[in-house]
Structure formats: structure tokens, C-alpha cells
Amino acid sequence: MTNPTAADLIARSHRLGADPANTNYAGGNTSAKGTATDPVTGQEVDLLWVKGSGGDLGTLTESGLAVLHLDRVRALREVYPGVEREDEMVAAFDHCLFGRGGAAPSIDTAMHALVDAAHVDHLHPDAGIAIATAADGEALTKEVFGPKVVWVPWRRPGFQLGLDIAAVKEANPDAVGCILGGHGITAWGETSEQAEANSLWIIATAQAHIDQKGSAEPFGPVRPGFEALPEAERRTRAAALAPAVRGLASHDHPVVGHFTDDPRVLDFLAREALPRLAALGTSCPDHFLRTKVKPMVLDLPTTATVEEATARLRELHTAYREDYQAYYDRHADADSPAIRGADPAIVLVPGVGMLSYGKDKQTARVAGEFYLNAINVMRGAEAVSTYSPIAESEKFRIEYWALEEAKLARLPKPKSHATRIALVTGAASGIGKAIATRLAAEGACVVVADLDLGKAQAAAEEIAAQTGARVSSDVAVGVAADVTDEAAVATAVEAAVLAFGGIDLVVNNAGLSLSKPLLETTAKDWDLQHDVMAKGSFLVSKAAARPLIEQGLGGDVVYISSKNSVFAGPNNIAYSATKADQAHQVRLLAVELGEHGVKVNGINPDGVVRGSGIFASGWGANRAKTYGIDEGDLGKFYAQRTILKREVLPENVANAVAAITGPDFSHTTGLHVPVDAGVAAAFLR
């Protein structure tokens, strides 16, 4: 059973974390002091429950709390070696844990333990950071809050900051919290309700001051030519630019992208202050750890063509990398971790929006959310003062902190398809859904494309849920795609690019079949099957080839062909002929796209009855009639005619796709992989 003190803390954390105005995702921490029974002695002991390292307030669970003996944490003051060695205190927290201790204690544990209050909140609200990053933040703190909130000059999070805030609380008995210069706020109370009320009061009071006393246009006037484009136009332009930008952002490490055209972002990008403020970078440690110290900004008006913008972005990327390397070289010493990569995490395109990047979609999305927080902070600071972030040297100390490096080292090894973006057609059911599910399980972001939008979206939700994703669109999205319609295919590819930043892997799976002998096969039957599978695969491959080539990251195109592409089965001329067309497209495109590092391979399944959309649509009944058996026995019939005597399932096809597009087949293209349990007549020669 959860301790009542911990239960109240979790509830308070959820309320505070639910509103991005209070704190950002995974930002800030909360704590509570209380008692519990020591199972060894049976005596009541004083404990500290505090949000653990890397957790999120809005989704905090009991397992996300670190639990420590309060007296032992406070006793660490007697062995504290000083600010030059304060990082050693993080390891010391492990000696203070109660039992197994729950989550790993964060760097802010000392702040929560040493402040003499039962409940403490440390948050990163936009309004609070606006005061904290104002050039005259200390004077503003006195003006806005009077004696109830005390200014604490910038200090890197750690044991010394905990001592500083504890001293502030002791010296100012009427204070309910403090503004941490360049960083955020801390508030406290003797009850959970009081601490929460004090936190919210500080945030609301800061925001009210900005609203009432701040200038109407803190970012200055709009620059002509940099205004937001109409929605449809800016999204089309974003999709046109995104693959090239993703390729640039992946120079050191492959990344996934996120796009937002939030009105607050567009307004910032249109204003005169953009170049100056973007160059100053972010300030709150939680911000720049995710966004890098500053963004890359396109400096062309919206009248520039996509080609001109792309060329300029390439020039800016070269300059950005040189600038970041110089930043690293200015501050690194012999003990600094190696540079982690010099590519931008945030790319700002005036008139269009913001592109953000990370090791997965969630990381990319959160980076964008944090930069929006930074925009809000800059707006507030500029409204009442001048935005003045912490010094560059301090940013480096945070970004290349040994403790941060250790946290990164603890991350799990990436899965085989991590950072890869897959577009699978006909993926709302059957083989396509199995492929999309498997690729998502291997770490890919998946675009479920299907003729039925509702079914595509439902499948995407289901696939994401199986991965445990908190936000389903971080893993899978559903899009409508009539593969016979060139415009519809282009729209689907554009949706994929806007969802995840580009495309790495295309699976041409959409298909149907009509089992008829030659004399009963109509021209309409022939055209329908060729339109969906032969023409459809061609249209999808053509549309996807553009972003694949533009990214410069290589990629995969997979055709779900059939054993029938090489085997002459009875009463099946239209289907088998179109599958033979698809099979030869594999060979042709393998040759043509190889120079761009794009591999093209085919999968030749046979007899996939269970879960197959084709068999459910009447094909199974026709094939069963052809072979003179009951439809329910068709799977067993197909299995018995194979060498291995095994029924082929959608998952078997998905396994082959995952393998051929994985790292172990990096040098294989133009191959057809049989997934038919062994049909000798279909052996490739």
C-alpha cells in the first residue's frame, strides 16, 4: 500500500505537471517529508519522497519516487567536500536510501532534503523563468513579489544550491519560495496543499505582472516577407524542406523529426528580434539539454524558392557545425566528455514553423515543446526587461556535465530499426498490419497507410499501444492512401514526412486479388489488380524516392510480391501477372536507386490465409473451390503442399521484412525472399 504522504505527493505532482504553464515534460521535481515504519526495527522513521531522476511530474507513479532516510541526507552536510567536489554527493545519496529506495535520486535531492519545510516544489514555469532570465531579475523579483519570494543568483543544480536555498528559507521566515536566477522557481509549504498553492501563486503573480506591465510587442515589429504563410502553403513547404533538413540534422547521428507551426512559434519567427534572441540561446538547463544551446535559423524570406531555401540551409548547417565545434573547444578540458555531435536539434524556418530532432519521435517532439517554452520565456523577459540567459560557459558545464554523461550511458541500447521511419501501404489489416507492428516493435516510427482512414488510424493506435507509448503519434500514425491515385499517394507521403521528418523504409503491401480463369477475367478485373499492385507500387515508390534521395541517408523499399510472381498457378492470370510486374520493379529500382544507398528487395509469400485481407475478401473461397476443398481447410491445404509442411502467417512475412531491412542485410539489394514454407516450383533460378 502506498504511504499516504507519498500518495498526496503523487496527486500534487500530477496536478502541477498537467499544465505546461507550470512546468515542462520531465522538468522540475516535487517532494514530501513524512514517516513510515522501518520493517527491521518496527520504529517510525523520517523519510523524504522526491521525484526521481528522469521522471515526469504529470505521469509520476510510486516507482518514480526516490525514498531516502531524511536524517542521513541531512547528515551529508557534515561530509560535504565543497562546491568543487559537489558531484560526489550524488553517489552519496545511494547510502541514504530507504530499502531499495525506488527511483534513482536526482541532482536536486539536496534542495528538497535540506530546505526546512515538509513539502517542496521545484518547477520550470515560463513566467517564472522569464523573471529569472531578465537582466534585472533580482530587482524584478522584489518589485513583483515583495518579501514573499527571494532571488537566488544562478548556481548549477547540486548540493551547494540546496544549501543556498535552505539558507534563504531560514533567513526569510515570511518567504514562500524563491526565483532561481536563469533557471526556475522553488516553493515550499508545511502541507502539500500549501506548497502547491504557493507554487501556483508565484507563477500566477509573475504572469500577471508580465501581462499588466509588459510591452505589447516584446519581439518588435514584423519583418516584411517573414510573416506566416497560409496553413496549406506552409505545410506543403515544410514537407518539401523537411527531408533535406533531416539529412543535415543526421550528419553525426540519425534522428527523427517533429514539425510544429504553433501560432506562437510563427509569431516569433516573423519578428525583428528573432536573429538576436535566437543567437542568445536558451537558459533553463532543462531547455538547452534538449534543444542545444541555440537553434539554426533560416535567414531568407518566404519569397525564396524551396531550392534557394534548401541551398541556404546547407550553408547555414556548415556554419552551425563550425560554431558548435568552436563552442566545445572554448570550454572543454581534459576531463570533458567527447563532443556528442554538432548538428542542430532545432531548425527555425520563418513563415513555415519549427523542425525539431531527436533519437526518437518523443525526444524530437519534446525538444520542440521545450523550445516553445524558451520562446515564451524570451517573450516574458523582453516584455518587462531584457532577456539575459546564463553564460555560455555555464551552459557548457551543464551540457557536458559528467553526471549528464553518466545518465546518457545508462540509456538502453537502440533497437534495430531505431530512428527509421516506415511507410507501409495496406497496413490496417493482415500482412501490412503485421509488418507495421513488427517494425514498430523494433523501434521504427510507422505510417499506417490504408484506403480506409478510420481503420488506418485505429491500427496505428493499436500498434502504438503495444509498444507502451504514452503518446501514440510518437510511434504510429494512420493516413488515407488510395495507391491508384497519384495525388492521394503524394498526400500520404507528405503526411508521413510531416509526422516524422522524412521516410527511410517503404513497404508496398497494398493488394487485392480476383481468382478467375482466363475466359472469365474481364478487362476491368485486369485493370483493377494492375492499378492497385503494379501501378500502385510504382506510384508509392516514385513519391517516396524523392524524400529518400533528398535526405541522403539511404533507405529501403520492399515489395510484398508473391510466390505467384514466378509460379504458374491455375485460374490466376491477372493476379500472377501483376505480381510478376512488381517482382521486376524490384530489380529495376534496385539498379536505379542503388547510387543513393537505397536498397530494394522483395518478399514472396504464399498461402497466407489467417489474417489476410485478400483471402477474407473472397479470394479464399475461390481458391478453395479451385482446389475442391472447404475454405476453412485452405491454410492446412497450403501447408501440406509445402516442403516444411508449415502454414504461413502474416507474422512470418513481417519477420522477413524486419530482417531484410535490418542491419544484418546492409549489403543486399535486388533480392526476392520466399516466405512460402518451401514451394519447389517457386524456387528462384
Side-chain angles (χ1 to χ4, degrees), residues 2-34 36 46-70 73-74 89-90 93-94 96-115 117-125 128-129 157-159 161-162 165-166 177-178 180 183-189 191-196 198-200 202-203 284-287 289-290 362 366 370 373 403-404 406-407 410 470:
T2 303
N3 183 288
T5 300
D8 286 346
L9 172 61
I10 292 169
R12 176 171 106 238
S13 301
H14 288 175
R15 290 190 297 272
L16 290 171
D19 188 348
N22 298 335
T23 201
N24 31 43
Y25 175 76
N29 30 69
T30 52
S31 69
K33 302 177 182 75
D46 292 328
L47 298 179
L48 170 73
W49 289 266
V50 58
K51 191 203 84 170
S53 177
D56 171 56
L57 291 178
T59 57
L60 185 65
T61 62
E62 186 175 7
S63 64
L65 293 171
V67 190
L68 305 97
H69 287 274
L70 182 60
V73 181
R74 289 181 167 174
M89 303 304 288
V90 174
F93 293 146
D94 291 342
C96 305
L97 297 177
F98 178 69
R100 294 185 177 180
S106 77
I107 190 66
D108 287 316
T109 297
M111 176 196 306
H112 293 273
L114 301 181
V115 169
H119 300 268
V120 178
D121 297 331
H122 168 59
L123 305 172
H124 301 145
I129 307 175
F159 202 86
L161 180 60
I165 297 175
C178 54
L180 311 182
H183 186 166
I185 73 167
T186 296
W188 47 76
T191 66
S192 184
E193 294 77 11
Q194 189 180 63
E196 182 177 358
N198 288 339
S199 293
L200 295 176
I202 293 173
I203 296 167
C284 175
D286 264 32
H287 292 183
L289 279 174
R290 292 166 171 83
Q362 183 197 52
V366 169
F370 272 75
N373 289 130
L403 295 177
E404 186 65 26
K407 185 189 298 185
R410 291 194 298 269
R470 188 176 68 89

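Here the closest heavy-atom approach between residue P105 and residue D94 is recorded as CD-OD1, 4.1 Å. A pairwise comparison of heavy atoms in D8 and S192 identifies O-OG, 4.0 Å as the closest pair. What you find for I202 and T186 is that their closest heavy atoms are CD1-O, 4.3 Å. Taking every heavy atom of both residues into account, V50 and L9 meet most closely at N-CD2, 4.5 Å. Considering every non-hydrogen atom in both T5 and A32, the closest pair reads CG2-CB, 3.6 Å. Contact detail for A66 and A103: the closest heavy-atom pair is CB-O, 3.3 Å.
Interatomic distance, N198 CG to E193 CD, rounded to the nearest 0.5 Å: 11.5 Å. In this structure, CG in N24 is found 6.5 Å from SG in C284, a value given to the nearest 0.5 Å. Note: N22 CG to L57 CG = 9.5 Å, rounded to the nearest 0.5 Å.
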The test is side chain to side chain contact (heavy atoms under 4.5 Å, CB included); show your working for N29 and T109 and say whether it passes. CA-CA 9 Å; N29 30 69; T109 297; over 6 Å; no
Verdict with supporting geometry, L70 and L47, side chain to side chain contact (heavy atoms under 4.5 Å, CB included): CA-CA 5 Å; L70 182 60; L47 298 179; 5.9 Å; no
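Checking T59 against D56 by side-chain atom types alone, a donor-acceptor pair falls below 3.5 Å.
No side-chain heavy atom of T23 sits less than 4.5 Å from a side-chain heavy atom of H122. Counting only heavy atoms from C-beta outward, the side chains of C178 and W188 approach each other to under 4.5 Å. D121 has its side chain within reach of R12: a pair of non-hydrogen atoms, C-beta onward, lies under 4.5 Å apart. No side-chain heavy atom of S31 sits less than 4.5 Å from a side-chain heavy atom of K51.
When each of I107, D108, L114 is checked for a side chain to side chain contact (heavy atoms under 4.5 Å, CB included) with M111, only D108 meets the rule.
Between H119 and H112, a ring centre-to-centre spacing not shorter than 6.0 Å is recorded.
For the side chain to side chain contact (heavy atoms under 4.5 Å, CB included) test, residues two or more places apart in sequence or in another chain that qualify with A6 are T2, N3, W49, L65.
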